[in-house]
Amino acid sequence: MSGIALTLGPVFFHWSPDLLSDFYRRIADEAPIDRVHVGEVVCGKRMPFSDPAWPEIIERLERAGKEVVLSTLAAPATVRERKSIEDLCADERLIEINDVTALTSRSGKPFVTGPFLNVYNEASAQFLIQRGARTICPPVELSLAAIGEMARACPEAEFEMFAFGRLPLALSGRCYHARIHGLHKDSCQFTCERDPDGLAVDTLDDQQFLAINGVQTLSNQLQAFCPEPADLTSRGVQRIRLSPHTCDMVEVAKTYRALVDRKEDSDGARFILSCLDLPGTLVDGYVYAKPGWQAKASI
Amino acid sequence: MTSGRMELVCPAGTPATLRAAVQAGADAVYCGFRDETNARNFPGLNFSGEELAEGVRFAHGHGSKVLVAINTFARVNNVDLWKKAADTAAECGANAIIAADIAVLDHVAKNHKQVRLHLSVQAAAATPEAIGFYVHSFGVRRVVLPRVLSVQEIAALNRAIAVETEAFVFGGLCVMIEGRCYLSSYATGKSPNLNGVCSPPEMVSYDDESNGTAARLSGFTIDRYEPGEPVGYPTLCKGKFKAGGKTSYLFEDPVSLNAGGMIAGLKAAGVTALKIEGRQRGKGYVTEVVRAFRKAIDAVEQGGDASEIDRILARQSEGARQTTGAYKKKWR
């Protein structure tokens with residue numbers, strides 16, 4: 001056993017309350033995941049839909065022995081969105097901070113810094129650790145070497161790598177789902193719900209490139225970082241994060257569990273993942289300080 | 001926050017443009033060092049320590065301020081390079097350091113209390129709570145606002161905070177929240193946060209093909225032009241893409257920001273300083289734009305009407321495609 005823990009990140013997409021409930025019921029019952037993040041991270045306008053579903057989902061996950069983390073919005077703007085962050089900061093559970101907005105309310109109490117928060121070096125990490133950061137999941141563009149250097153300099157916190165899923169690349173004030181349907185953000189009609197893994201954005205030469213999810217832009221390709229566990233532990237990385245998609249996430253979790261428990265090797269794990277019904281091909285360039293879209297095999 | 005006279009903050013990519021901006025009427029110029037500590041790390045641009053010291057002497061001699069941008073995120077195991085940049089800026093007599101990284105802000109707050117700290121747009125602080133964190137932790141005196149806020153949102157924000165705000169009025173328009181956009185590193189391996197560059201020129205190619213000229217970034221086709229059509233630079237978020245069965249400028253048209261017509265609105269919203277983007281621009285451009293905005297701001301301060309401001313800024317609006325960006329809510 002490597003002692004590497006598995007985290008399921010928050011769902012980035014606009015899933016209906018029924019879909020969310022079904023998804024997390026399966027995660028609770030079947031997925032070998034240690035920690036599960038819940039909550040809306042991308043768009044505050046979606047919160048009235050999902051908010052009523054969370055209490056039951058959280059209870060179900062906790063009864064199944066999962067540690068639940070409450071994720072907060074990455075780009076809060078309205079009074080209601082800011083209030084939601086303040087409310088979450090008061091919770092006894094661990095919370096994930098995705099915008100500096102939450103730092104003042106949460107300071108002194110434990111938190112996770114999510115990949116939307118800019119923690120690029122050991123000095124910034126230490127500043128946040130002194131204020132309660134317990135787990136640090138750095139921005140996705142940082143390499144394993146850089147995260148390892150940070151982890152070594154900050155033994156007081158756990159470091160987490162974004163290992164699976166479409167990479168969250170950008171946030172805007174503008175909603176691209178609304179724009180492509182000829183609507184404005186304020187009257188978006190929640191068209192993002194039609195694309196539960198995001199909407200593919202190809203180049204003029206039909207190269208697969210990006211995906212949109214409301215105000216968020218993601219990679220078209222899916223990160224599939226399949227490390228040798230010894231390589232992670234020697235660098236001080238203790239967690240890997242899997243980002244939810246509509247593919248069989250229980251199978252994804254089992255694959256990573258087998259990988260970190262050394263029952264499956266890196267190539268084998270990548271092959272199993274590639275056989276799933278995924279919205280894009282597998283990449284891992286960022287991990288090796290290459291452009292994010294590149295895959296290890298082509299490097 | 002303030003009802004005083006608005007400050008005009010202008011770009012200085014080189015010592016020559018610094019002098020040009022000051023002479024054209026800039027209240028303050030902003031510049032950076034010739035390395036990855038600033039977000040415009042292009043070849044042939046930026047300042048050495050000696051050039052900055054000389055630039056500060058020149059600007060102060062003409063009643064202008066110098067703000068030094070050290071606004072990329074410090075690299076792991078090399079934070080000292082960023083700290084040293086801040087030390088040099090302070091030694092040169094910079095009026096303010098513009099920073100985004102917590103490590104850099106913390107260093108300046110602890111070691112250079114006489115230097116004002118401005119929070120870079122790269123920090124993407126857009127709520128009273130986020131701004132409050134930077135004010136209480138590091139004594140930040142001014143916040144450069146993300147280019148995704150409407151004027152109404154800026155007004156509400158200014159009512160809720162006790163520090164100055166600075167808003168972009170002219171030049172490049174980032175449509176993504178700055179400091180949190182990894183599109184460039186995804187395609188090219190080089191990013192604003194880590195390398196101070198977006199869509200870097202060395203990754204650009206223009207290929208003449210049977211169906212027109214393809215503008216590519218790192219091999220990804222960002223736009224395509226008919227023969228004879230003016231060819232644009234393939235900035236990622238201003239590219240043409242296919243999505244949902246449509247081909248469009250999905251994120252933003254290839255436009256730049258011109259909020260010259262909104263100076264009065266931004267003043268009413270409580271903005272302290274107006275910023276012109278373009279440290280990569282030449283002396284002639286900087287002189288022309290700074291002069292026009294100097295006149296326009298002075299006219300607004302003296303109660304001039306909209307048509308007068310439009311007349312002053314008319315030259316900036318000719319030909320190029322421009323937008324008021326997020327300042328008008330319908331942009332979203």
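Side-chain N or O atoms of A:Asn121 include one that pairs as donor or acceptor with a backbone N or O of B:Ala74 at under 3.5 Å. The backbone N or O of A:Ala74 sits less than 3.5 Å from a side-chain atom of B:Arg180, completing a donor-acceptor pair. Side-chain N or O atoms of B:Arg332 include none that pairs as donor or acceptor with a backbone N or O of A:Asp186 at under 3.5 Å. Counting only distance, with no hydrogens or angles, the side chain of B:Lys246 and the backbone of A:Ile180 share a donor-acceptor pair below 3.5 Å. With hydrogens and angles disregarded, a donor-acceptor distance shorter than 3.5 Å links the side chain of A:Gln207 to the backbone of B:Thr221. Judged by distance alone, with hydrogens and angles left aside, the side-chain atoms of A:Ser172 form a donor-acceptor pair with the main-chain N or O of B:Val175 at under 3.5 Å. Under a 3.5 Å cut-off, the side chain of A:Thr203 and the backbone N or O of B:Ile222 do not form any donor-acceptor pair.
Between A:Phe127 and B:Phe138, the ring center distance clears the sub-6.0 Å criterion.
Neither the backbone nor the side chain of A:Leu183 has a heavy atom closer than 4.5 Å to any heavy atom of chain B. With a 4.5 Å cut-off on non-hydrogen atoms, A:Tyr286 touches chain B through its side chain but not through its backbone. Interface residue A:Gln208: only backbone heavy atoms are found under 4.5 Å from chain B. For chain B, the nearby parts of A:Gln221 are the backbone and the side chain; heavy atoms of each come within less than 4.5 Å.
Side-chain contact between B:Lys242 and A:Asp206: present, with at least one pair of heavy atoms (C-beta onward) separated by less than 4.5 Å.
Among all heavy-atom pairs drawn from B:Ala243 and A:Val201, the shortest one is CB-CG2, 4.1 Å.
Taken to the nearest 0.5 Å, the CG atom of B:Leu236 stands 10.0 Å off from the OG1 atom of A:Thr217. Here A:Tyr120 contributes atom OH and B:Leu194 contributes atom CG; the two are 5.0 Å apart, rounded to the nearest 0.5 Å.
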